[in-house]
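Working notes, structure below.
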Amino acid sequence: MNKYIVRASMVGTCVGGAILLKDYTGGGSCQSKASITGQTVIVTGANTGIGKETALELAKRGGRIIMACRDMGKCENAAREIRGKTLNHNVFAKQLDLASSKSIKEFAKTMINEEEHVDILINNAAVMRCPYWKTEDNFEMQFGVNHLGHFLLTNLLLKKMKESGNSRIINVSSLAHIAGDIDFDDLNWEKKKFNTKAAYCQSKLANVIFTNELAKRLQGTKVTANSLHPGVAETELGRHTGMHQSAFSSTILAPLFWFVVKSPKQAAQPSVYLAVAEELQGVSGKYFNGLKEKKPAPQALDEETARKLWEESARLVHLDEALSECKAL
Ligand SMILES: NC(=O)c1ccc[n+]([C@@H]2O[C@H](COP(=O)([O-])OP(=O)(O)OC[C@H]3O[C@@H](n4cnc5c(N)ncnc54)[C@H](O)[C@@H]3O)[C@@H](O)[C@H]2O)c1
């Protein structure tokens, strides 16, 4: 009899654990069948991982897809692959290096001048736990690319998006934001000892805070802004950590790995959902873990921090000059 109780409780623990893990990994797939024919979508970092799968899924739904990537060779290859798979010929590779304000401004000018409208912007690109590298503009790489680059890009495209009518901005953050802290005295790690993990967490917290402040500033317009955690996925994001998730998958922990870690296609579902779901029309300033709206970490909800981060980011990227240079005021 005891044997059965033990077995039953093991099954119960596994099922309970499974539910918890599913929540942690942000499970679920986008059920919406919405088409986005006629809409223009920009996806940053779209040549690999979650960004590539997001671009593929949105191309299947008929969107005009701009894949905004640093490496044009890889981007052209990915765009060709997506055109071949979906038979959607409106999939384009465009150069964007988020570690360079010059490149961001060039990209924004092209979008402003060449695109009739921009309906969906998915700020997906990121670098994780790299060495102490600096961007072209002398910002710590993770803060510079993950937050400041997207902050500048988004602001330069805002006028265009407001003119486009109902439009959506989606910032791909991470559950890692909960371990983040915004150090206004040393955002770029110039005074204290560099900690690459903390720098990634700071940048991902900045994604959520920026989204909330942006949503507040967009009230009264038809543009919404939301952030998300895509789930833990097997991508190349861990390239600087020396511990690829695929290495983990050949160990005794493989079953756990299989359960916890999503494919890039699964991890693209939250971005796709936030981009297309009809029921999210008008929803703004929210954070999603997978497909479910969740409360972000308390430090992501502090309004004074959000105001300060916006002002400091605008100062660092010379936002006013950039807006007038790109005629985006
Ligand atoms: N994979 C995960 O487990 C996981 C978990 C939580 C959050 N995320 C987030 O998901 C997003 C996508 O990550 P991924 O897992 O697909 O990783 P990935 O490394 O496959 O994709 C990141 C993309 O960003 C691009 N990128 C990096 N620096 C750039 C720059 N300077 N300019 C332009 N593009 C640049 C890369 O080239 C790449 O295409 C990221 O924002 C990441 O923080 C991923």
Side-chain angles (χ1 to χ4, degrees), residues 24-27 42-56 66-79 93-104 106-107 122-130 133-137 139-150 152-153 170-180 197 199-208 210-211 227-241 243-246 248-249 257 260-272 274 287-290 296:
Y24 165 72
T25 56
I42 298 172
V43 185
T44 69
N47 60 295
T48 53
I50 298 169
K52 185 177 172 189
E53 291 297 332
T54 304
L56 172 67
I66 312 289
M67 299 174 66
C69 313
R70 185 179 37 176
D71 184 323
M72 274 310 275
K74 289 182 185 169
C75 198
E76 294 281 10
N77 286 342
K94 295 278 176 196
Q95 155 88 93
L96 171 68
D97 182 358
L98 288 155
S100 156
S101 60
K102 185 165 172 272
S103 169
I104 297 167
E106 284 308 315
F107 174 82
I122 304 184
N123 289 319
N124 164 83
V127 57
M128 182 177 84
R129 294 174 66 177
C130 58
W133 291 339
K134 291 286 185 95
T135 67
E136 206 174 276
D137 306 286
F139 306 133
E140 185 279 318
M141 188 60 76
Q142 296 173 86
F143 189 66
V145 169
N146 304 358
H147 170 60
L148 289 176
H150 284 127
L152 177 59
L153 174 68
I170 294 143
N171 290 331
V172 181
S173 177
S174 168
L175 195 63
H177 84 272
I178 63 176
K197 200 170 162 186
Y200 180 70
C201 294
Q202 173 179 257
S203 74
K204 291 284 125 180
L205 173 62
N207 290 158
V208 184
F210 164 49
T211 308
S227 61
L228 65 89
H229 165 58
V232 178
E234 190 179 15
T235 67
E236 294 168 34
L237 191 65
R239 58 176 75 74
H240 301 296
T241 64
M243 199 193 77
H244 278 275
Q245 285 158 346
S246 47
F248 188 58
S249 65
F257 172 87
V260 173
V261 180
K262 295 174 166 184
S263 67
K265 183 184 168 131
Q266 290 168 321
Q269 297 304 309
S271 294
V272 172
L274 263 63
Y287 167 77
F288 289 74
N289 183 332

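Note that ligands are numbered from 1 as they come in the structure, with each ligand's atoms numbered from 1 the same way. Any value given below was found using the heavy atoms of this structure, including those in side chains, with hydrogens, waters and symmetry copies removed.
Using a 4.5 Å heavy-atom cutoff, the side chains of H229 and F288 are not in contact. In this structure, L98 and T44 have side chains that are in contact, with non-hydrogen atoms separated by less than 4.5 Å. A heavy-atom distance below 4.5 Å is found between the side chains of M128 and T241.
Near D97, the atoms of ligand 1 lying under 4.0 angstrom from a non-hydrogen atom of the residue are 30 (C), 31 (N), 32 (N). Using a 4.0 Å cut-off to heavy atoms of N47, the atoms of ligand 1 that qualify are 39 (O). Listed by atom number, the atoms of ligand 1 under 4.0 Å from N124 heavy atoms are 11 (C), 12 (C), 40 (C), 41 (O). The ligand atoms of ligand 1 that sit less than 4.0 angstrom from a heavy atom of A125 are 24 (O), 25 (C), 26 (N), 34 (N), 35 (C), 41 (O). Shown in contact with G49 at under 4.0 Å from a heavy atom are these atoms of ligand 1, numbered in order with element: 16 (O), 20 (O). Near A99, meaning under 4.0 Å from one of its heavy atoms, ligand 1 places the atoms 31 (N). Every atom of ligand 1 is numbered from 1 in the order shown, and the set under 4.0 Å from a heavy atom of I50 is 10 (O), 15 (O), 16 (O), 44 (C).
Minimum interatomic distance between T235 and G49 (heavy atoms only, all atoms of both residues): CG2-CA, 4.0 Å. In this structure, A78 and M67 approach most closely via the heavy-atom pair CB-CE, 3.7 Å. Smallest separation of non-hydrogen atoms from G51 and N124: CA-ND2, 3.4 Å. The two residues V208 and P296 have their closest heavy-atom pair at CG1-CB, 3.9 Å. When every heavy atom of A68 is checked against every heavy atom of I42, the shortest pair comes out as CB-CG2, 4.2 Å.
No part of E234 comes within 4.0 Å of ligand 1, judged by heavy-atom distances. The part of T235 lying near ligand 1 is the side chain, judged by heavy-atom distances below 4.0 Å. When non-hydrogen atoms are compared, ligand 1 lies under 4.0 Å from the side chain of Y200 (C-beta onward) but not from its backbone. Neither the backbone nor the side chain of M128 has a heavy atom within less than 4.0 Å of ligand 1. Counting heavy atoms under 4.0 Å from ligand 1, residue S173 touches it through the backbone alone. Under 4.0 angstrom from ligand 1, the non-hydrogen atoms of R239 all belong to its side chain. In L96, the part holding a heavy atom less than 4.0 Å from any atom of ligand 1 is the backbone.
With hydrogens and angles left out, the side-chain atoms of Q142 and S203 include no donor and acceptor closer than 3.5 Å. Counted by atom type alone, N123 and N171 present one or more donor-acceptor pairs between their side chains at under 3.5 Å.
Applying the salt bridge (charged side-chain N to carboxylate O under 4.0 Å, His left out) criterion to E76, with sequence neighbours excluded, gives no partner residue. Y200 pairs by the ring pair (Phe, Tyr, Trp, His ring centres under 6.0 Å) definition with nothing, not counting sequence neighbours.
Looking at A126 next to ligand 1, an N or O pair under 3.5 Å apart turns up. For a threshold of 3.5 Å applied to N or O pairs, the pair formed by C69 and ligand 1 contains no separation below that value. For S174, no nitrogen or oxygen atom sits less than 3.5 Å from a nitrogen or oxygen atom of ligand 1, counting backbone and side chain alike. Between H229 and ligand 1, not a single N/O pair is under 3.5 Å apart. The N/O atoms of A233, backbone and side chain alike, include one that comes under 3.5 Å of an N/O atom in ligand 1.
When the options V127, V145, V172 are ranked by their closest heavy atom to atom 10 (O) of ligand 1, first place goes to V172. One option in V261, L98, T44 has a heavy atom closer to atom 32 (N) of ligand 1 than any other, and that option is L98. The closest non-hydrogen atom to atom 23 (C) of ligand 1, taken over A268, G231, S100, G45, comes from G45.
The number of heavy-atom neighbours closer than 6.0 Å to NZ of K197, taken from other residues, nucleotides and ligands shown, is 12 or below.
Here NZ of K204 is found 11.5 Å from NE2 of H147. Values are rounded to the nearest 0.5 Å.
Heavy atoms of K262 stay at 4.0 angstrom or farther from ligand 1.
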